Every structure is written in C-alpha cells, then in structure tokens.
Colleague: 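One structure follows; several queries about it will come next.
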Amino acid sequence: ATERTLSIIKPDATNRNLTGKINAKFEEAGLRIVAQKRIQLTKAQAGQFYAVHAERPFFDELTDFMASAPVVVQVLEGEGAIAKNREVMGATNPADAAPGTIRAEFAESVGENSVHGSDAPDTAAEEIAFFFSGLELVG
Ligand code: CMP
C-alpha cells in the first residue's frame, strides 16, 4: 500500500551540505518528498520528539546533537515507504550498514548517523503530526 513516513536529515548531514545527496537517494528509490522544511530544534523539542528514548543512556547526547544545528524534516511517500526508507537509510550503526545505503556512505557514528526514519505505521503517523499539518502535505 502507499504509505507515508517521517524522515529527518540530521545536523551532521546538514552541516556537511549533504541534503541534496540524501534526497537523491530517496528519490532514486522511488520515494516522493511530499513535504519538507529546514528547522532548528531546541533541546526541549528534540527531547519531546525522542521521548521514547528518555531513559536511555544516550538521551542527553542525542538531544544535544539534534539541537546543535538545523535539521531537514520531511515526509516521504511511496509503496511500502516505511520499510523502503529504512532500507535506503541502512542500519542505525554505520559500521553495520549495507554498502550504498545513506548511513554507510555518509554517517559518522551511531549517534551522528545522518538520518532518522519512522519504524512503523503508528510511529510514522505520530511523527508526521509532530512536525506537519495536513495542509503542508502535498502529494
Ligand atoms: P534514530 O533512528 O534517530 O533513533 C534514535 C537515535 O538514537 C538513533 O537514530 C541513533 O542516532 C541514536 N543512538 C542509538 N544508539 C546510540 C548510542 N549508543 N549512542 C548515541 N546515540 C545513539
């Protein structure tokens, strides 16, 4: 089925001017960017977005990093978009990411791993609503 998923191009990637190269990977995989904006998160907003990780030892590092520079938040649409996006991103840890994936090519570490993507339909819906109103989604 046609799905939508929430994608974030993280500070390590925006800092290195990789937005276009990462978007090319999504588009080449058949994912359509139906909404996109560049924003600066506060640490509090990053904490709200990653609330599910609040008890993890890396939470403070993660939220500092996500607030350290602009991010590009986007909605990707396509057939099986959630799984397809995860395939294009590669494993969370770039050391484990398959060749040709975004994280294999661009990520610097498990923390500074260039992109985020929703992991399931329910989280995709929540994460899209966190950043976008219905009016901003232009299929
Ligand atoms: P993401 O898919 O955005 O979801 C949570 C993020 O936490 C994950 O990508 C990683 O960037 C980050 N993360 C996971 N494990 C670690 C870790 N051990 N140290 C730092 N950051 C981590």
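One-based numbering, in listed order, for ligands and for the atoms of each. Reckoned from all heavy atoms, side chains included, excluding hydrogens, waters and symmetry mates. Since the structure is predicted, the reported quantities are computational estimates derived from the model, not experimental observations.
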Colleague: Using a strict 4.0 Å cut-off to heavy atoms of L62, name the atoms of ligand 1 that fall inside it.
Modeller: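 The list of qualifying atoms is 6 (C), 7 (O).
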Colleague: Return the orientation label for the F131 and F49 ring planes: parallel under 30°, perpendicular over 60°, tilted otherwise.
Modeller: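 Plane angle between 30° and 60°, so tilted.
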Colleague: Would you check if the side chain of R4 reaches a backbone N or O of V75 as a donor-acceptor pair within less than 3.5 Å?
Modeller: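 No, because the side chain of R4 does not come within donor-acceptor range (under 3.5 Å) of the backbone of V75.
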Colleague: Distance under 4.0 Å to a non-hydrogen atom of R103: what atoms of ligand 1 satisfy this?
Modeller: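 Heavy-atom distances to R103 below 4.0 Å select 2 (O).
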Colleague: Which class fits the ring pair F58 and H53: parallel under 30°, tilted 30 to 60°, perpendicular over 60°?
Modeller: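 It falls in the tilted class, 30° to 60°.
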Colleague: Is K10 in polar range of ligand 1, meaning some N or O pair under 3.5 Å apart?
Modeller: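 It does: an N or O of K10 is found under 3.5 Å from an N or O of ligand 1.
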Colleague: In Å, rounded to the nearest 0.5 Å, how long is the span from CG of N85 to CD1 of I102?
Modeller: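 Here the rounded value is 7.0 Å.
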Colleague: Is there any N or O on G111 that sits under 3.5 Å from an N or O of ligand 1?
Modeller: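 Such a contact does occur with ligand 1.
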Colleague: Please classify the E112 to ligand 1 contact at 4.0 Å (heavy-atom distances, strictly less than): side chain, backbone, both or neither.
Modeller: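 The answer is neither.
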Colleague: Report the nearest protein non-hydrogen atom to atom 14 (C) of ligand 1: residue, atom name, distance rounded to 0.1 Å.
Modeller: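 Looking only at protein heavy atoms, the one closest to atom 14 (C) of ligand 1 is F58 CZ, 3.6 Å.
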Colleague: Hey, which atoms in ligand 1 end up nearer than 4.0 Å to a heavy atom of E61?
Modeller: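 Answer, ordered by atom number: 20 (C).
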Colleague: Under 6.0 Å from the ring centre and within 45 degrees of the ring axis: does the NZ or CZ of K37 meet both conditions for the six-membered ring of F132?
Modeller: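 Judged by the rule (NZ or CZ under 6.0 Å from the ring centre, within 45° of its axis), K37 counts as positioned above F132.
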Colleague: For ligand 1, which atoms, with element, lie under 4.0 Å from some heavy atom of H53?
Modeller: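 Reading through ligand 1 atom by atom, the close ones are 4 (O), 5 (C).
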Colleague: What distance do Q40 atom CD and T42 atom OG1 have between them, rounded to the nearest 0.5 Å?
Modeller: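 Atom-to-atom, Q40:CD and T42:OG1 are 8.5 Å apart.
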Colleague: What's the shortest distance from atom 2 (O) of ligand 1 to any protein heavy atom, and which residue and atom give it?
Modeller: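 Scanning the protein heavy atoms, the shortest distance from atom 2 (O) of ligand 1 goes to H116 ND1, 3.2 Å.
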Colleague: For ligand 1, which atoms have a heavy atom of N113 less than 4.0 angstrom away?
Modeller: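 That gives atoms 9 (O), 10 (C), 11 (O) of ligand 1.
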Colleague: Nearest 0.5 Å, what's the OG-CD distance between S7 and E127?
Modeller: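 Spacing of OG (S7) from CD (E127) equals 10.0 Å.
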Colleague: Is Y50 near ligand 1, meaning one of its heavy atoms is under 4.0 Å from it?
Modeller: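 It does, in that a heavy atom of Y50 comes within the 4.0 Å cut-off of ligand 1.
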Colleague: Identify the protein heavy atom lying closest to atom 11 (O) of ligand 1, giving its residue, its atom name and the separation to 0.1 Å.
Modeller: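 Checking every protein heavy atom, the shortest distance to atom 11 (O) of ligand 1 gives V110 O, 2.9 Å.
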Colleague: Counting only N and O atoms by type, is there a donor-acceptor contact under 3.5 Å from the side chain of E3 to the main-chain atoms of I82?
Modeller: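 Yes, the answer is positive, given that a donor and an acceptor are paired below the 3.5 Å cut-off.
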Colleague: Before signing off on this row, confirm whether G117 and ligand 1 have an N or O atom pair separated by under 3.5 Å.
Modeller: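 No, there is no polar N/O contact under 3.5 Å.
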Colleague: For K43, is the NZ atom crowded, meaning more than 12 foreign heavy atoms sit under 6.0 Å from it?
Modeller: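 Yes, because the 6.0 Å sphere around NZ of K43 holds more than 12 heavy atoms from other groups.
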